[in-house]
S.K.: 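First the structure, then my questions, so here it is.
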Amino acid sequence: MKKAQILIPKPGSKFQRVQCKECGEESVVYSHVSTTVTCKACGNILAEPTGSIAEINGKILGNAE
Ligand SMILES: [Zn+2]
């Protein structure tokens with residue numbers, strides 16, 4: 001099943017570069033995800049929706065443009 005991700009900008013929202021704890025792959029993760037984001041390389045969960053700011057499960061490297 002392919003997950004469609006609809007990104008609705010909210011005040012204070014941003015894109016962050018997150019490094020996977022398992023394989024080191026870097027991904028850009030939206031700070032207010034509405035669906036679980038997994039690593040494209042190994043499938044590890046990178047971010048989980050909490051209703052507001054996503055819980056990031058990895059190393060935040062900084063903001064992405
Ligand atoms: Zn990974």
S.K.: Just verifying a value: how many Å separate Lys14 NZ and Asn63 CG, rounded to the nearest 0.5 Å?
M.R.: 5.0 Å
S.K.: Once side-chain hydrogen bond (donor to acceptor under 3.5 Å, both in side chains) is applied, do any residues pair with Lys59, and if so which ones, sequence neighbours excluded?
M.R.: none
S.K.: With sequence neighbours excluded, what pairs up with Glu25 under the side-chain hydrogen bond (donor to acceptor under 3.5 Å, both in side chains) test?
M.R.: Lys40
S.K.: Under a 3.5 Å distance rule, please check whether Gln19 uses its side chain to pair with a backbone N or O of Gly24 as donor and acceptor.
M.R.: yes
S.K.: To the nearest 0.5 Å, tell me how far Asn57 CG sits from Thr38 OG1.
M.R.: 11.5 Å
S.K.: So Val18 and Leu61, do their side chains get closer than 4.5 Å, heavy atoms only?
M.R.: no
S.K.: Side chains of residues 41-50: which donor-acceptor pairs under 3.5 Å do they make with residues two or more places apart or in other chains?
M.R.:
unit_1	atom_1	unit_2	atom_2	d
Thr50	OG1	Ile53	O	2.6

S.K.: Taking C-beta and beyond as the side chain, do Cys23 and Cys39 meet within less than 4.5 Å on heavy atoms?
M.R.: yes
S.K.: Output all residues satisfying salt bridge (charged side-chain N to carboxylate O under 4.0 Å, His left out) with Glu26, sequence neighbours left out; order by chain, then residue number.
M.R.: Arg17
S.K.: Using every non-hydrogen atom in the two residues, find where Ser13 and Tyr30 come nearest and quote the distance to one decimal.
M.R.: OG-OH, 3.1 Å
